[in-house]
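For reference, the structure is listed below as structure tokens.
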Amino acid sequence: MRKSLKKATAKGMKEIYGADVAPDIIQVQRTKSEFSADLTIVVFPLVKYSRKKPENTANDIGVYLKHVFPDISSYHVIKGFLNLSFSSEFWLQQLNSHSRAIQNALVPESKMKIMIEYSSPNTNKPLHLGHIRNNFIGDAMSRIVKANGHDVIRVNLINDRGIHICKSMQAYLNFDPDGSPEKSGLKGDKYVGELYVKFENTYKSEIDKLKKEGLSEEEAKKQAPGMQKARALLKKWEEGDDKVIALWEKMNNWVYKGFDTTYQRMGIEFDQLNHESKTYKKGRSIVLKGLEDGIFYEKDDHSVWADLGDEGLDEKILIRSDGTSVYITQDIGTAVERFEKYNPDKHIYVVGNEQNYHFQVLKILLKKLGYDWADKIEHMSYGMVELPEGKMKSREGKVVDADDLMDEMFQTSKSMSSELGKLSDLTDEQKNGVYETIAMGALKYFILKIDPRKNMVFNPEESVDFNGNTGPFIQYTHARIRSVVRKAEKMNIRVPRLISEDIRANEKELDLIKLLYHYNMVLKDAADEMDPGLIANYAFELAKEFNQYYHEYSILKAENGNLLQFRLMLAYHVGETLKLMMSYLGIQVPEKM
RNA sequence: GGUCCAGUAGCUCAGUUGGAUUAGAGCAACGGCCUUCUAAGCCGUAGGUCCCAGGUUCGAGCCCUGGCUGGAUCACCA
């Protein structure tokens with residue numbers, strides 16, 4: 001409707017004033033709630049074409065549009081705002097077609113193949129709150145983009161090689177050479193993570209000791225025996241030493257197993273797993289080729305650099321003096337590989353804003369290397385998660401572990417739910433399912449409702465609420481609706497497919513239908529702006545609006561059968577829309593809670 | 001120091017390419033509403049110098065300039 005309004009307005013401008021106006025400059029927005037109308041056209045931008053006062057221009061267009069669209073029941077003009085009201089018949093008709101509408105993905109102007117990379121963990125540490133935000137955002141964006149009618153490839157780049165995993169390996173050999181997650185009773189990623197911490201601690205004390213013996217900080221770091229051993233492991237790994245590779249595989253597999261459990265609980269999936277160990281060499285050879293071609297340069301110590309001076313940036317190292325490649329070099333390799341293999345129309349990297357510079361440089365380097373597709377890379381840069389006392393610091397143990405957090409959410413959900421006691425007719429297994437659904441809903445919603453670009457504060461004690469603007473609030477609204485539908489079915493009343501013709505909807509009902517009608521705009525905006533928060537806000541608005549309605553009017557005790565059916569149908573569609581919107585956030589909604 | 005990002009109620013956040021004499025939610029606080037479809041709900045009260053100062057225009061929380069405060073980044077870590 002928006003689009004056709006824009007077109008019609010442009011056409012009207014031509015017919016009334018003989019002015020050529022591009023439809024794009026015409027602003028059509030939802031009418032502010034203080035005014036009783038549905039859509040508003042802002043005419044200020046049109047005044048220079050009409051050469052009339054805003055009021056007169058608005059009036060002229062109003063007359064024209066009302067003539068073109070029979071569905072427009074009335075219009076009125078306030079200053080430069082043309083408020084259009086649509087007839088209730090029009091809106092009731094919209095409700096009739098709503099169920100069909102929400103079953104299909106949107107049809108995009110041009111369908112794209114979009115690759116989305118997210119999660120991308122290191123294999124030396126368990127997942128924490130920061131990863132949670134990354135995973136939730138990446139997962140939600142994948143769902144949203146897909147719902148907009150695009151093809152999505154979800155990819156996880158696992159950082160499985162490098163000095164960090166060698167540190168864990170070194171600690172394993174040193175402290176627990178026959179150990180395993182099973183023997184320790186720990187999850188695989190936790191077990192390896194603890195070894196990593198052990199390494200770091202002994203490393204630290206080794207450095208302190210060497211410093212006391214008179215070495216500089218830098219020297220001490222180099223000479224610490226633990227570090228030297230870890231480096232030796234890395235070297236052996238790169239040389240393909242059988243024993244080292246076997247150990248590396250064994251430990252990584254422990255970690256993967258642990259990650260899988262966490263991913264599964266979070267409801268996170270991927271279409272592809274990339275392992276850095278398999279791609280890290282590619283970037284190196286590309287850079288060396290670039291060196292041959294004179295795009296990069298070599299220093300005396302044989303390290304390879306890119307000069308980014310003409311971009312207003314520094315020089316950037318690409319290959320170390322010992323011939324090994326750095327992070328960005330590997331990223332060049334994986335990017336080239338992906339574009340060669342899949343040729344996506346867009347490649348979104350969901351990575352924290354601390355890496356803004358990295359991606360800026362990555363795109364520049366790819367362009368320098370002559371890859372035109374570099375412009376198809378988008379860094380979806382999200383803000384950090386901070387604790388009330390400041391940034392999370394893994395070294396000081398100030399991290400919120402992903403598994404622990406989910407456990408806590410579950411416990412809260414369970415005790416709250418048990419207190420309310422509305423699930424008495426369910427089995428224990430079913431109950432646990434509901435607790436989990438609510439717990440994850442609360443957590444996901446809490447994180448996703450916030451604009452990804454912004455840093456957010458997470459207070460483990462009180463942040464995640466179950467009242468107000470929360471996941472459970474929306475889940476609850478859905479459960480309520482389902483309960484009504486079930487009751488109706490017991491009364492042998494089915495949700496009708498079409499509204500009977502003599503229905504006269506009240507204002508609240510029309511408001512709800514209008515809100516339902518806007519769902520696809522929200523879905524499109526969420527994809528365009530890359531902001532799942534828009535979906536969350538919409539779902540909240542809809543749930544809130546419905547709860548008010550629910551409180552004010554009885555569905556099952558409506559004055560007559562036709563009205564009852566209409567209200568039931570309306571409620572049902574609100575429920576389905578909530579369910580759908582929440583599904584785009586990766587959140588499930590229960591039948592009862 | 002250079003670059004980038006942010007600053008809205010006590011707290012956590014909305015505010016969609018600048019729009020409507022009154023800047024919105026939720027939490028926390030206070031006061032109401034369960035004999036009625038699920039009270040994880042609904043209604044109400046209170047709470048603001050939109051960091052500060054200029055500028056741009058019909059019109060600024062939003063745009064520009066300069067400050068202040070906080071964060072990120074500028075590694076032969078990833």
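To find a chain, count down the sequence lines: A is the first, B the second, and so on, and within it residues start at 1. Predicted model, so just to flag it, every value in this text is computed and none were measured.
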Which one, B:G71, B:G15, B:G41, comes nearest to the side chain of A:Glu386?
B:G71
Are there any protein N/O atoms within less than 3.5 Å of an N/O atom in nucleotides 7-9 of chain B, and if so, which ones and at what distance?
none

Between B:G7 and B:C50, how many Å separate the two C1' atoms, rounded to a whole number?
10 Å
Under 3.5 Å between N/O atoms: give me all the protein pairs with nucleotides 61-63 of chain B, atom names plus distance.
none

The correct set of residues in residues 481-491 of chain A placing a heavy atom under 4.0 Å from RNA chain B is A:Ser483, A:Val484, A:Lys487
Closest to the side chain of A:Asp451, out of B:A20, B:C4, B:A14, is B:A14
Check side-chain hydrogen bond (donor to acceptor under 3.5 Å, both in side chains) between A:Arg482 and all other residues, then give those that pass, not counting sequence neighbours.
A:Glu591
According to the Watson-Crick and G-U wobble definitions, with both distances under 3.5 Å, which nucleotide is paired to B:A6?
B:U69
Specify the glycosidic conformation (syn or anti) of B:C5, with syn defined as within 90° of 0.
anti
If you measure from the Lys or Arg side-chain nitrogens to the Asp or Glu carboxylate oxygens, is any gap between A:Glu552 and A:Lys508 under 4.0 Å?
no
If the threshold is 4.0 Å, N to carboxylate O, is there a salt bridge linking A:Lys592 and A:Asp425?
yes
Pull out every protein N or O sitting under 3.5 Å from an N or O of nucleotides 22-25 of chain B, one pair per line with the distance.
{"from": "B:A25", "atom 1": "O3'", "to": "A:Lys544", "atom 2": "NZ", "distance (Å)": "3.2"}

Readout for nucleotides 30-35 of chain B: B = base within 4.0 Å of protein heavy atom, S = sugar-phosphate only, - = neither; 5' to 3' it is ------
Applying side chain to side chain contact (heavy atoms under 4.5 Å, CB included) to A:His302 and not counting sequence neighbours gives A:Glu298
Partner residues of A:Arg320 under the salt bridge (Lys or Arg N to Asp or Glu O under 4.0 Å) criterion, sequence neighbours left out
none
Going 5' to 3' through nucleotides 73-78 of chain B, assign each nucleotide B (protein heavy atom under 4.0 Å from a base atom), S (under 4.0 Å only from sugar-phosphate atoms) or - (no protein heavy atom that close).
SS-BSB
To the nearest angstrom, the CD-P distance between A:Gln360 and B:C5 comes to 10 Å
The criterion is side chain to side chain contact (heavy atoms under 4.5 Å, CB included); which residues satisfy it with A:Asn159, sequence neighbours excluded?
A:Asn122, A:His164, A:Glu276
I want to verify a distance call: between B:U16, B:G41, B:C13, whose nearest atom is closest to the A:Ile450 side chain?
B:C13
Distance between the P atoms of B:G54 and B:A25, in whole angstroms?
31 Å
Across every strand shown, the nucleotide meeting Watson-Crick or G-U wobble geometry with B:A28 (both distances under 3.5 Å) is none
Identify the nucleotide, in any strand shown, that forms a Watson-Crick or G-U wobble pair with B:C62, with both distances under 3.5 Å; if there is none, say none.
none
Residues passing the side chain to side chain contact (heavy atoms under 4.5 Å, CB included) test with A:Glu559, sequence neighbours excluded, are A:Leu563, A:Arg567
Distance, P atom - from B:U16 to B:C51, rounded to whole angstrom
15 Å
Salt bridge (Lys or Arg N to Asp or Glu O under 4.0 Å) filter on A:Glu386, not counting sequence neighbours, yields none
